[in-house]
Amino acid sequence: EFEDAVLECIDPRFHQHTSEAVASGANTTSFDLLSCAGGSLGYSDPIKGKEYWRDWILDHVEATIQLHHVKRLKVVDHMQCGAYGLRYDTRDRKGKVIRKITREEEEGFHFANLRKLRVEFRKRFPGLEVRLFLAKIVKRDKKLIHEYHEVDPLPKLPATPELHAQHPEPPPQQNVH
């Protein structure tokens, strides 16, 4: 049995660092690892023609729960994600990029997609704790460092309407194309 599963992007720049970050935070080196281009993007707002990624993610999360009794899903997105460029850059009719999304826009899309996934997974998998992370590569002292920041860490709430009203889920941001 594993207590944790991780949904991450397929970008190889992050695999080892994500595994190390998850292992240190969970005090374990054993967890289920699911990779999909864009991480939360694959579920929350798939690239046109890739809508089947949503079912792939759902099927695999369900399998981790059934097979390994996973209790937590950690969803790790990262900045400078190529899949986010494929989905949100503005293109002409021939597919040529005419405007790339800004760093601020990309960050907003990550937050919206991560939050949407959490809201929907809490409904679909009520016993599953869903934690969200956004990774960045930053330069410090002439070295590239991978940073992982938890997005909207929320307290685990008991299933009582009064407490849910006091601490509602933040609304997802609107995607403007």
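It should be emphasised that the depicted structure is a prediction, and the values quoted were computed from it without experimental measurement.
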> Under a 4.0 Å N-O cut-off, is there an ion pair linking K71 with E129?
Replying inline: no
> Do D89 and K96 come close enough that some side-chain heavy atom pair is under 4.5 Å?
Replying inline: no
> How far apart are the closest heavy atoms of A83 and A37, and which atoms are they?
Replying inline: CB-C, 3.9 Å
> Looking just at side-chain N and O atoms, do H60 and E62 make a donor-acceptor pair shorter than 3.5 Å?
Replying inline: no
> How far does OG of S44 sit from CZ of R54, to the nearest 0.5 angstrom?
Replying inline: 7.5 Å
>> Under a 4.0 Å threshold between the charged nitrogen and the carboxylate oxygen, would E147 count as salt-bridged to R140?
In response: yes
> With a 4.5 Å heavy-atom cut-off, do L73 and V75 have their side chains touching?
Replying inline: yes
>> For the OG1 atom of T64 and the CG atom of D32, what is their distance to the nearest 0.5 Å?
In response: 5.5 Å
> Got Y52 and I57 here, is their nearest side-chain heavy-atom distance under 4.5 Å?
Replying inline: no
> Are more than 12 heavy atoms from other residues, nucleotides or ligands located less than 6.0 Å from atom CZ of R13?
Replying inline: yes
> Do the charged groups of R99 and E105 touch, with an N to O distance under 4.0 Å?
Replying inline: yes
> Side chains of Y43 and N113: do they bring a donor and an acceptor to under 3.5 Å?
Replying inline: no
>> Side-chain heavy atoms nearer than 4.5 Å, only ILVMFWY residues, links allowed to pass through others: does that put I137 and V76 together?
In response: yes
>> I'd like to know if E106 and K100 make a salt bridge, using a cut-off of under 4.0 Å between side-chain N and carboxylate O.
In response: no
> Can you check side chain to side chain contact (heavy atoms under 4.5 Å, CB included) on D4 and V70, steps first, answer last?
Replying inline: CA-CA 5 Å; D4 293 307; V70 165; 5.7 Å; no
>> If you define the side chain from C-beta out and look only at heavy atoms, does anything of Y148 sit under 4.5 Å from L134?
In response: no
>> D77 vs L114, test: side chain to side chain contact (heavy atoms under 4.5 Å, CB included). Steps then yes/no.
In response: CA-CA 8 Å; D77 278 9; L114 286 163; 3.6 Å; yes
> Step by step, would you call D45 with Y88 a side chain to side chain donor-acceptor pair (under 3.5 Å)?
Replying inline: CA-CA 10 Å; D45 196 16; Y88 298 114; 2.6 Å; yes
> Could you walk me through whether R115 and E120 pass the salt bridge (charged side-chain N to carboxylate O under 4.0 Å, His left out) check?
Replying inline: CA-CA 9 Å; R115 289 170 178 149; E120 293 183 14; over 6 Å; no
>> I need the minimum non-hydrogen distance between G38 and C9, along with the two atoms involved.
In response: N-SG, 3.3 Å
>> Please tell me whether F14 and L144 are part of a single hydrophobic cluster in this structure, the criterion being side-chain heavy atoms less than 4.5 Å apart.
In response: yes
> Is L128 linked to W56 within one hydrophobic cluster, defined over Ile, Leu, Val, Met, Phe, Trp and Tyr using a side-chain heavy-atom separation of less than 4.5 Å?
Replying inline: yes
> So do E8 and L34 actually touch side chain to side chain, heavy atoms under 4.5 Å?
Replying inline: no
> Distance from L7 atom CG to F133 atom CZ, nearest 0.5 Å?
Replying inline: 12.5 Å
> Are I47 and W53 close enough, and set up right, to give a side chain to side chain contact (heavy atoms under 4.5 Å, CB included), and what steps lead you there?
Replying inline: CA-CA 9 Å; I47 296 166; W53 289 359; 4.0 Å; yes
> Just how far is it from atom CZ of R87 to atom CD1 of I101, taken to the nearest 0.5 Å?
Replying inline: 10.5 Å
> Does the side chain to side chain contact (heavy atoms under 4.5 Å, CB included) test come out yes or no for L58 and R124, once each step is laid out?
Replying inline: CA-CA 9 Å; L58 285 172; R124 188 174 194 109; 3.4 Å; yes
> Could you state the interatomic distance from NE2 (H78) to NE2 (H146), rounded to the nearest 0.5 Å?
Replying inline: 9.0 Å
> If Ile, Leu, Val, Met, Phe, Trp and Tyr residues are connected whenever their side-chain heavy atoms lie under 4.5 Å apart, and connections chain through other members, are I10 and Y84 in the same group?
Replying inline: no
> How many angstroms lie between OG in S40 and CZ in R118, if you round to the nearest 0.5 Å?
Replying inline: 11.5 Å
